[in-house]
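Since the structure comes first, as structure tokens, the remarks are kept for the end.
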Amino acid sequence: MGWYRRSKLGIAAFRTFASKFSLNNSIQRTIPRPNHSDSLTPNILPKPSTYGIKQNQYTSPFLSGGRRYYYVDRHKVHHFRPRGPQRWFQNPRNVVIVVLVGSGLVITVYMGNLETIPYTKRTHFVLLSKDIEKRLGESQFQQMKGTFKGKILPAIHPESVRVRLIATDIIEALQRGLRKEQVWTDLHYASNAMESHESSGGHETLMALSDSNPEAKWNKEDEILDDSWVQQSRKKGKEKGSEPNTSHIEGLKWEVIVVNDPVVNAFCLPGGKIVVFTGLLEHFRTDAEIATIIGHEVGHAVARHAAEGVTKNLWFAIIQLVLYQFVMPDVVNTMSALFLRLPFSRRMEMEADYIGLLLMASAGYNPRIAPSVYEKLGKISGESALRDYLSTHPSGKKRAQLLAQAKVMDEALMIYREVQAGKGVEGFL
């Protein structure tokens, strides 16, 4: 870029010199020469005809006929118009137009992508469209099946049959909770027959969702959790008459697979793809415990937490880029994780706990089992104070205590009693 700047400076200097030379010539031509034939005749300069502002133009012989316009004030000072096009932000009118149009676009995009989550009635901003989210979930599911090819239990395996029946109960409970006609296919076990896929994508998905990730632990003993925001959000949603957004789960093809792997984990990908690992089944033997975990993972899919996470990560990245200009990157990354990412992640986990609790109760499983399941998960994860502090999940012990005392437990028990009495409860989400 050095040669460009030097060339630009040289051209500017040449034009300045040429302008001065041309201006001097024009001034000299306007001044009459003295009459040397008659020395007694005084040299009288012509008086200017006008004062104040006057627009003039002159042509420089060195600029190929280029014209520059100027005006002369009452002090006979020449004011030239700046060369080149005027920048848009130098015009206040253009700035106002850009601000108004930009604000209108931002407000339109924001209001057009607000969605209401079932049960909690929390409003969240999601940029990722439902179709793209569904295709991403299906793509990851195919990658997972390609990665664990040979480890997926057959459909007739007892564990596969057991998990499929429990998942079917949860999906049917979801249908009752949303008071929707059945707009998705019956849940079935995914086939082992598939095309070969790259294994790297599946491993990345597993690392992102597995409990082996240090950021996916929950064990902080002195953590204080508060679910008052849930009741406040539900109250505001009822006052506004907000309807939960559930169009993303319409027309889903629910599938489930059981992977023979010691990982203690299970998850539900967008698009209704449920994956359970045998490591989880070894620690949780009863159907109610498995229903608690599957209900929690389905709760994430119902609330579109994956799409919300993508949107928030985008905003966090923009904020970090701005802060990088003023603060060290390491400090920015640490502060954004502690004060932005982790609180939102813990709130989404609590939301999935509540939705999952209602689903398992409607499916006929005792909701009192859920707190002990989360506490047991905390013990299986191991003990580490630093890891707990940097966790995206609430601690197992505090999580269990809050869930046992929350108002949602009373609602879940009421639903469970109605189901045991042979009465179905609909519309609880």
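Atoms considered below: every heavy atom in the structure, side chains included; atoms not considered: hydrogens, waters and symmetry mates.
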Have R122 and S233 got a donor and an acceptor in their side chains that come within less than 3.5 Å?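 Short answer, no.
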Is a donor from one side chain sitting under 3.5 angstrom from an acceptor on the other, for H296 and E349?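 Their side chains do contain a donor-acceptor pair, which is all the 3.5 Å distance test asks for.
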What are the two closest non-hydrogen atoms of F267 and N265, and how far apart are they?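 Of all heavy-atom pairs spanning F267 and N265, the closest is CD2-ND2, 3.6 Å.
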Minimal non-hydrogen separation, F277 against D261, with atom names: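 Heavy atoms only, the tightest pair is CD2-CB, 3.6 Å.
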Side chains of [X] and [Y]: does their closest heavy-atom pair fall under 4.5 Å?
X    : Y    : answer
D353 : Y374 : yes
F141 : P270 : no
K423 : V419 : no
L153 : V259 : no
T278 : E159 : no
L136 : L128 : yes
I166 : I294 : yes
F284 : L280 : yes

List the steps and the verdict of side-chain hydrogen bond (donor to acceptor under 3.5 Å, both in side chains) for E115 and H248. CA-CA 11 Å; E115 296 181 358; H248 59 285; 5.2 Å; no
Rounded to the nearest 0.5 Å, how far apart are [atom1] of [X] and [atom2] of [Y]?
X    : Y    : atom1 : atom2 : answer
W315 : F125 : CH2   : CZ    : 5.5 Å
E133 : L127 : CD    : CG    : 12.5 Å
D169 : L174 : CG    : CG    : 12.5 Å

Show every ring pair (Phe, Tyr, Trp, His ring centres under 6.0 Å) that has at least one partner inside residues 156-179, sequence neighbours left out.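 Every candidate ring pair (Phe, Tyr, Trp, His ring centres under 6.0 Å) pair involving residues 156-179 fails, so no pair, neighbours aside, qualifies.
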My understanding is that only one of L413, D410, L359, V408 makes a side chain to side chain contact (heavy atoms under 4.5 Å, CB included) with P367; could you say which?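 Testing each of L413, D410, L359, V408 against P367, the sole residue satisfying side chain to side chain contact (heavy atoms under 4.5 Å, CB included) is L413.
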Determine which pairs satisfy salt bridge (charged side-chain N to carboxylate O under 4.0 Å, His left out) with at least one residue from residues 271-292, sequence neighbours left out, and list them in order.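 Those involving residues 271-292 are R162-D287, E255-K273.
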Return each pair, listed once, that meets salt bridge (charged side-chain N to carboxylate O under 4.0 Å, His left out) where at least one residue sits in residues 228-247; pairs must be two or more places apart or across chains.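 Those involving residues 228-247 are R234-E411.
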